[in-house]
Engineer: 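The structure follows.
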There are 2 protein chains.
Amino acid sequence: MLSKGLHVDRVFLFLDGHIRVQRTTAQGDQIILLHIAPGQVFGIGAALGHKGYPDPEMAAEDCVVLAWPNRLWPEFVARYDGFASQSYAVVGERLNDMHAVIVEMATKQVEQRLVAALLRLIPQMGRKVDDGIDLEFPITRQNISDMTGSALLTVSRLLSAWEKDRIVVSQRKKISATAPHRLSCGVVWPADATTSKVDLQMSG
Amino acid sequence: MLSKGLHVDRVFLFLDGHIRVQRTTAQGDQIILLHIAPGQVFGIGAALGHKGYPDPEMAAEDCVVLAWPNRLWPEFVARYDGFASQSYAVVGERLNDMHAVIVEMATKQVEQRLVAALLRLIPQMGRKVDDGIDLEFPITRQNISDMTGSALLTVSRLLSAWEKDRIVVSQRKKISATAPHRLSCGVVWPADATTSKVDLQMSG
DNA sequence: GGGGCTCTTTGATCTGCCGCAACAAACGGG
DNA sequence: CCCGTTTGTTGCGGCAGATCAAAGAGCCCC
């Protein structure tokens, strides 16, 4: 499924498929940081110029992408107006998503994080079918636990419970939300009800 | 200490002081997302064009900053070459930091997250003194728990334990690392030993 | 088809750490 | 100086959820 070792010295425009970006710690824990939707650019990190960080390994199969070397990035930015703003909008959005993830991880319990993860996946890679919404991307409970910073077994238990309550249906590597609204309504917190604050103080 | 309500419709270049960027959930939990060092730009998110997200509240005191309206951003980028690349480098670095935080929150236990948080603060706002390193920024145990997604009481307990082991010294709102190396060596994981991977797959 | 693989489920146990409660200490203001 | 407020400390009980163990189910490939 994966062909590793593709060096990231270029920027990609992602046309079709689904991409998972993950990290592996020295202990072997895998964390899924984000999913990339068709139409987005990725590999921006390197293009933005942060060097000295671990080179991401790449794994690819059957994906339709446009690729160009990093060094052309500034030229593209200079030449095409919409290109830069659109790309940076993606980055801004991603920053915001990661803020949300951090807040979740810090304050919500596992079940709520799981709900949040599914609700984030649904608009990105869900397909509407007659009895709910299918996630088109094969996803294991292990994957989900890697997204939420929880344990595989806990994810399995929660999904089983939800399936008993007719909220989701799942087979092997496959999840469908039959009652997505009940996912969110079972939980008490408003989706976007976070505020941000910047707290400044002089040193010395 | 804080004067709230300053609307973020501009980008700032931060000259002196220390800034904390935090979020408050609907439940009142506060999470400190990052600290901004002098010389960095902030408020970039809005400039990057993500709209529809909660407007950050601002709180300021005694800080030295340069500010200009968001709409001038593209012009600045076009006019000054180094400006854009430097600013985006900051963004890239921040993306990477947040990746690291997410991985930590997902895989490490509280004590290790605490160590990581301190080790991240030390180079940013530590001042070398004869018997170790002082954090120049007043910081409470509540603040630290907000950074690590843990409980105030747990932080207090851990710091007490470390103080018994002569690793840190702390008074009220003040922390000094007397043996910073022992902070990291007590823990088993190599600092930057994460690798990244991108996992692609076709839909359907 | 069958062997081996990956993925999933369920029960039982164990533990990190959260939260309560109560107190101590440091600060700040009048 | 006294008193209210904020911050830090410590002990203890409880619980969410990680972990162990073991078996069942779906998939691929020879």
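Below, chain A is the first sequence line, B the second, and so on; all start at residue 1.
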Engineer: Check the distance between dC18(C)'s P and D146(B)'s CG and give it to me in whole angstrom.
Structural biologist: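 Checked: the CG to P distance equals 12 Å.
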Engineer: Could you tell me the separation between the NZ atom of K108(B) and the P atom of dG16(C), rounded to a whole number of Å?
Structural biologist: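 In whole Å, dG16(C) P and K108(B) NZ are 17 Å from each other.
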Engineer: How many Å lie between CD on Q27(A) and P on dT19(D), as a whole number?
Structural biologist: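 The distance from CD of Q27(A) to P of dT19(D) comes to 12 Å, rounded to the nearest Å.
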Engineer: Go through Q112(B) and T107(B) one step at a time and tell me if the side chain to side chain contact (heavy atoms under 4.5 Å, CB included) criterion holds.
Structural biologist: CA-CA 10 Å; Q112(B) 298 175 323; T107(B) 65; over 6 Å; no
Engineer: Quick check for you: to the nearest 0.5 Å, what is the distance between K108(B) atom NZ and D29(A) atom CG?
Structural biologist: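 If I round to the nearest 0.5 Å, the distance is 6.5 Å.
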Engineer: Counting N and O atoms only, with roles assigned by atom type, does the side chain of S176(B) sit under 3.5 Å from a partner on the main chain of T178(B), one being a donor and the other an acceptor?
Structural biologist: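 No: the side chain of S176(B) does not pair with the backbone of T178(B).
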Engineer: As an exercise, state the distance from CG of L118(B) to CD1 of I175(B), rounded to the nearest 0.5 Å.
Structural biologist: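 Separation between the atoms: 6.0 Å.
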Engineer: Atom CE of M105(A) and atom P of dG17(D): how far apart are they, to the nearest Å?
Structural biologist: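 Rounded to whole Å, this separation is 13 Å.
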Engineer: Does a salt bridge link E104(A) with R120(A), judged by any charged N lying under 4.0 Å from a carboxylate O?
Structural biologist: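 Looking at R120(A) together with E104(A), the answer is yes, because their closest N to O distance falls below 4.0 Å.
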Engineer: For nucleotides 6-14 of chain D, just jot down a letter per nucleotide in 5' to 3' order: B, S or -, based on protein non-hydrogen atoms under 4.0 Å.
Structural biologist: BSSBBBB--
Engineer: Would you mind reading off the distance between E111(A) atom CD and dA18(D) atom C1', rounded to a whole angstrom?
Structural biologist: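 Nearest whole value for this atom pair: 16 Å.
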Engineer: Please check: side-chain N/O of R113(A) versus main-chain N/O of M147(A), any donor-acceptor pairing under 3.5 Å?
Structural biologist: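 A pair under 3.5 Å: no.
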Engineer: Kindly say if T154(B) contacts the phosphate of dC18(C), meaning a side-chain N or O under 4.0 Å from OP1 or OP2.
Structural biologist: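 Checking T154(B) against dC18(C): at least one side-chain N or O falls below 4.0 Å of OP1 or OP2.
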